[in-house]
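Okay, so here's the structure we're looking at.
Note that the structure is a prediction, hence the values are computed from the model and not measured.
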Amino acid sequence: NIYYGNHKSGNISDRTYYQQALKGRESVSRLLPGDFEGQDGIVLAVPIVREEQVRGAAFMEYTVAEFETYLNNAQFSPYGVNFIFTETGELLVSTPVAARKGTIVELLKNMEYRNGQSLKKMQELVKNGQAGYLIYYENNNKRLLYFQPSGIERLMVASLVETEGYESVLHRIRGLTLGFITSSTVMLVCAVLLILGILHLRQKEEMRAQKDYLTGVYTRETAGRLVSQGLKGVGNNRFYACMFLDIDDFKKINDTYGHDAGDQLICATARYLQKLSSSRCIVSRMAGDEFLVFFHHYQKESEIRTIVEGMHRQINAHKITFTGKEEIRIRLSAGIAWYPKDAQDFDTLSKYADFAMYSIKSTQKGGIEEFQPSTYHKDKLLLSGRNELNEILDHNLVSYAYQPIVHLKSKEIYAFEALMRPRSTIITSPVDILRVARSQSQLYRVEFMTWTQSIAQFADFHTAFPKTRL
């Protein structure tokens, strides 16, 4: 059993750090998520030895918040342990300035080196797990980077100094850092650095995952989470709206000018949306050339409408240049759904805004339309049928019934009329195919499929009616 200072106890017999301590070894636990009254932390285990036998163990628990406080201790802050990096140079924990760099090499590669100092020598020392220091100049300011192994996972601890009197400081840094590594609290602090490094990497990955790789705006998943969290505390005196936008004729532009031009158009649209949005807007890229803007905490619907109309008008007035000379005007179709009038959750709001956008896109490209429940119940196939239409067009999921046309005088079959029959449980009639295709500007693909497939299928029995037409 383990006994805590607050008179609580617990059984830790299955914990690795306890088992190591009973073997006479100091050890540090892995990161224990939520073990410390809901906070993440670690345990430092030290064996209690009496008469050359292990009689028990003492444990120190530290939360991540306590780690950070310890690392910011004034003893270290003047010179401090500013960096922790891997043997390959990847920065795990660093100062805000260095955080913008991915590796220690990126941080130092453009510096000036004198008197035999070089980045290559430092890399060799790090690779061999040796301590050392590097003197370099940045804008004629002399700087010193002292580094040495942490003793954990081949990680290096480094201290950075900007001073002309670096020689006197070096000795003090070396003493601090050596004490940092070799004192009785060594394992704790090194574990702290390791854990903070892991947390830092996790935060970087989470931040990277939150933003769209191409445009830098939020991803669909992040927008959904932010909106859902925001809607939980909504008051009755605030108005919210979800606007779904789509770039008109994007496929045509992509096919004409190439995918790089398409990416350029998507990025330009994202920039304009961010620039024209306020702090009460969440901008995200939903997929391909589709964007969503969520407006929150406005006092009047009219406020949002004014912003939407101004944003839409300004973006549609912008042009971008392709291939160095060709100018293309950005044109967006947009649909809006309101909270709580139309829906009370993100998924439904975005679905209704998407439907409103495709409704206006099928009749008047470049326009804005608000969600109408009556129209949705009548025309929701325009939304649900998009993916199904692509399946039909991509895989030619149609067959044709050939209705004979009889010559009245000769009473012979003169020709056949090809009647399309979709092989789909969602889009079940040619009329629906045409409606959905028109809303997505894909009528030309339907025409191509009709010509090629009807002729190909007609050829199978044309020998029986050699003189007929199609």
Side-chain angles (χ1 to χ4, degrees), residues 28 67-183 185-205 208:
V28 178
F67 295 160
E68 293 173 347
T69 301
Y70 185 87
L71 289 179
N72 290 325
N73 186 288
Q75 179 187 19
F76 295 102
S77 58
Y79 332 103
V81 179
N82 295 321
F83 309 119
I84 179 168
F85 59 94
T86 68
E87 63 177 341
T88 60
E90 182 181 6
L91 288 168
L92 297 183
V93 177
S94 59
T95 62
V97 173
R100 292 193 291 268
K101 307 293 185 181
T103 67
I104 197 77
V105 175
E106 288 180 44
L107 181 67
L108 300 172
K109 67 180 180 181
N110 294 323
M111 303 303 173
E112 179 187 354
Y113 301 99
R114 304 174 187 173
N115 302 322
Q117 294 283 319
S118 71
L119 180 57
K120 185 177 180 181
K121 287 184 177 180
M122 174 189 170
Q123 289 176 289
E124 290 175 355
L125 289 172
V126 170
K127 184 178 179 181
N128 295 325
Q130 295 177 269
Y133 63 90
L134 180 70
I135 300 169
Y136 63 89
Y137 294 79
E138 184 177 19
N139 298 325
N140 287 323
N141 294 318
K142 184 182 290 186
R143 293 186 177 181
L144 168 75
L145 183 73
Y146 178 77
F147 54 91
Q148 76 172 51
S150 69
I152 298 282
E153 297 289 333
R154 296 182 66 83
L155 298 178
M156 303 295 290
V157 180
S159 301
L160 178 65
V161 176
E162 182 177 0
T163 176
E164 284 297 320
Y166 69 89
E167 290 87 353
S168 61
V169 175
L170 174 59
H171 178 72
R172 294 156 68 186
I173 291 178
R174 184 182 288 117
L176 275 175
T177 312
L178 284 171
F180 192 76
I181 299 300
T182 59
S183 69
T185 60
V186 150
M187 300 179 69
L188 170 65
V189 178
C190 289
V192 167
L193 288 171
L194 180 58
I195 291 166
L196 287 180
I198 294 170
L199 292 175
H200 176 73
L201 284 177
R202 185 188 302 169
Q203 289 171 352
K204 286 176 72 174
E205 288 301 316
R208 191 178 296 119

Interatomic distance, Q123 atom CD to L134 atom CG [nearest 0.5 angstrom]: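 Taking CD in Q123 and CG in L134, the distance rounds to 10.0 Å.
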Rounded distance [0.5 Å steps], OH in Y137 versus NZ in K142: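 If I round to the nearest 0.5 Å, the distance is 3.5 Å.
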Please output the side-chain donor-acceptor pairs of residues 111-121 that fall under 3.5 Å, not counting sequence neighbours, one pair per line with the distance.
unit_1	atom_1	unit_2	atom_2	d
E112	OE2	R114	NE	2.9
E112	OE2	R114	NH2	3.3
Y113	OH	L108	O	2.7
Q117	OE1	I135	N	3.0
S118	OG	K121	N	3.2
K121	NZ	G116	O	2.9

Partner of L107 by side-chain contact (heavy atoms from CB on, under 4.5 Å), out of T103, V105, I104: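 Exactly one candidate clears the test, I104.
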